[in-house]
J.: 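Structure provided below as structure tokens; questions to follow.
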Amino acid sequence: MSDSHIKERLLKYFNFSEPGSMSGSVSLPLMNIFQSLQDVNDIPLTTINLEHIRSNDRVLIQATVGWQVTSTANQNPQIGFLIRRDGPGGPIVFISVDTTGNTAIGRKYTTALTCSETGLIPGNHSYTLTTVVQFANELVITGPVNLDAWVIDENGT
Amino acid sequence: MSERNNKERLLKQFNFNEPSNIFGLISNTMFIPLQTASETPLTMINLDKINANDRVLIQATVNWIVAVATTEIATNPEIRFTIRRDNPPISNLVFTTIDSVGTPTQGEATTTSLFHSEKGLTPGGHSYTLSAQIVTGTDNQLVVVGPIHLAGSLIDENGT
């Protein structure tokens, strides 16, 4: 008991944004075309802000998105999800790509992702979840859309 | 300030390893063909000073692709991800999950995320290794291309 005052308390800050919590709560047709890392042309889904970050802190990001097939023009179209720091045009922190296993119209999918980073410039940072598709007008974001992040102190503090 | 001593502060330790953060087919940073007869380690993390009542939460995300031509794919390939504690490849298997593609096409990418929790560990330090293996298909048919992310949180017992 005597050491309770020196217990670890690493979770310093938590924030989330969930513009849609259920399948069908969002309707965002995806027109943007996946080109290359230099021409990603992704569109934002939601953003969260984190404050008082120090350079040794770790940021853990989690996201879940529901999406749907709306065309069979191309087989198994791919969809990319990105995490960007400090605005929709900011540095890319993470890119994860998922695919329809079957292009039947109306088929629904869930993509979940997790990523972490450290060594940030101290202060406040925002994180934006964005998406990009391989072919225009074939996939739609249907919800849910959830983005959350933990700011975690260095171990041993 | 006076109530600080009563506050819950459960997260005791956190570690992550992210050997790749950008989808491999556009960053060209990673290409790990998988096998049917053995698990291929992808990354690992360490957690130390674990108490018996602590809980461990493991989170991972991996991107993988179908690597061979569509015409060569006889069946829908399946991939198995495993979490092993301490000394892989033989030691404690604590989690497996299997994912697959529906109608595979060459270069098709899939994101797999997984979450595992456990408690009642032997006190001390433990490592966790994320591995992947082909369970339906042929060698090199599926390839991990990144990103790969593995994170571990050590969480104290509630009410402390």
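Just so we're on the same page: letters track the sequence lines, and every chain starts at 1. This structure is a prediction, so every number in the text was calculated from the model and none was measured.
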J.: Classify the ring geometry between A:Trp150 and B:Phe14 as parallel (under 30°), tilted (30 to 60°) or perpendicular (over 60°).
T.: tilted
J.: Non-hydrogen contacts under 4.5 angstrom with chain A: give the residues of residues 109-132 of chain B involved, or none if there are none.
T.: B:Ala109, B:Thr110, B:Thr111, B:Ser113, B:Phe115
J.: Indicate if A:Tyr109 and A:Val133 have the same hydrophobic cluster label, given that clusters are the connected sets of ILVMFWY residues with side-chain heavy-atom separations under 4.5 angstrom.
T.: yes
J.: Suppose a student defines contact as a heavy atom less than 4.5 Å from any heavy atom of chain A. Which residues in residues 52-60 of chain B would they list?
T.: B:Leu57, B:Gln59, B:Ala60
J.: State, without any angle test, whether A:Asn76 and B:Glu108 hold a side-chain donor-acceptor pair at a distance under 3.5 Å.
T.: yes
J.: For chain B, which candidate among A:Leu11, A:Thr114, A:Ile152, A:Asp153 shows the most heavy-atom pairs at distances under 4.5 Å?
T.: A:Thr114
J.: Answer with side chain, backbone, both or neither: which region of B:Glu18 has an atom nearer than 4.5 Å to a non-hydrogen atom of chain A?
T.: side chain
J.: Applying a strict under-4.5 Å side-chain criterion to I, L, V, M, F, W and Y, I'd like to know whether A:Ile43 and A:Trp67 cluster together.
T.: yes
J.: Which bit of B:Ser100 is near chain A, if near means a heavy-atom gap under 4.5 Å: side chain, backbone, both or neither?
T.: neither
J.: Nearest heavy-atom pair of A:Ser116 and B:His149: which atoms, and what distance?
T.: OG-NE2, 2.6 Å
J.: Give the cluster check for A:Val26 versus A:Val140: same hydrophobic cluster or not, with ILVMFWY residues linked at side-chain heavy-atom distances below 4.5 Å.
T.: no
J.: Hydrophobic clusters here meaning ILVMFWY residues chained together by side-chain heavy-atom distances under 4.5 Å, can you tell me if B:Val135 and B:Val94 are in one?
T.: no
J.: What I'd like to find out is whether the side chain of B:Thr61 reaches to under 4.5 Å of the side chain of A:Ser96, using heavy atoms alone.
T.: yes
J.: Are B:Phe95 and B:Val62 connected in the hydrophobic side-chain network, where two residues link if heavy atoms are under 4.5 Å apart?
T.: yes
J.: Relative to chain B, which segment of A:Thr100 carries a heavy atom at a distance below 4.5 Å: side chain, backbone, both, or neither?
T.: backbone
J.: Quick one: does any side-chain atom of B:Asn21 pair with a main-chain N or O of A:Phe94 as donor and acceptor, under 3.5 Å?
T.: no
J.: Test side-chain contact (heavy atoms from CB on, under 4.5 Å) on A:Thr99 and B:Val101; report intermediate values, then the result.
T.: CA-CA 8 Å; A:Thr99 316; B:Val101 291; over 6 Å; no
J.: Measure the spacing between CD1 of B:Ile65 and CD of A:Gln78 and express it to the nearest 0.5 Å.
T.: 9.0 Å
J.: If you draw a 6.0 Å radius around CD1 in A:Ile121, do more than 12 non-hydrogen atoms from other residues or ligands fall strictly inside?
T.: no
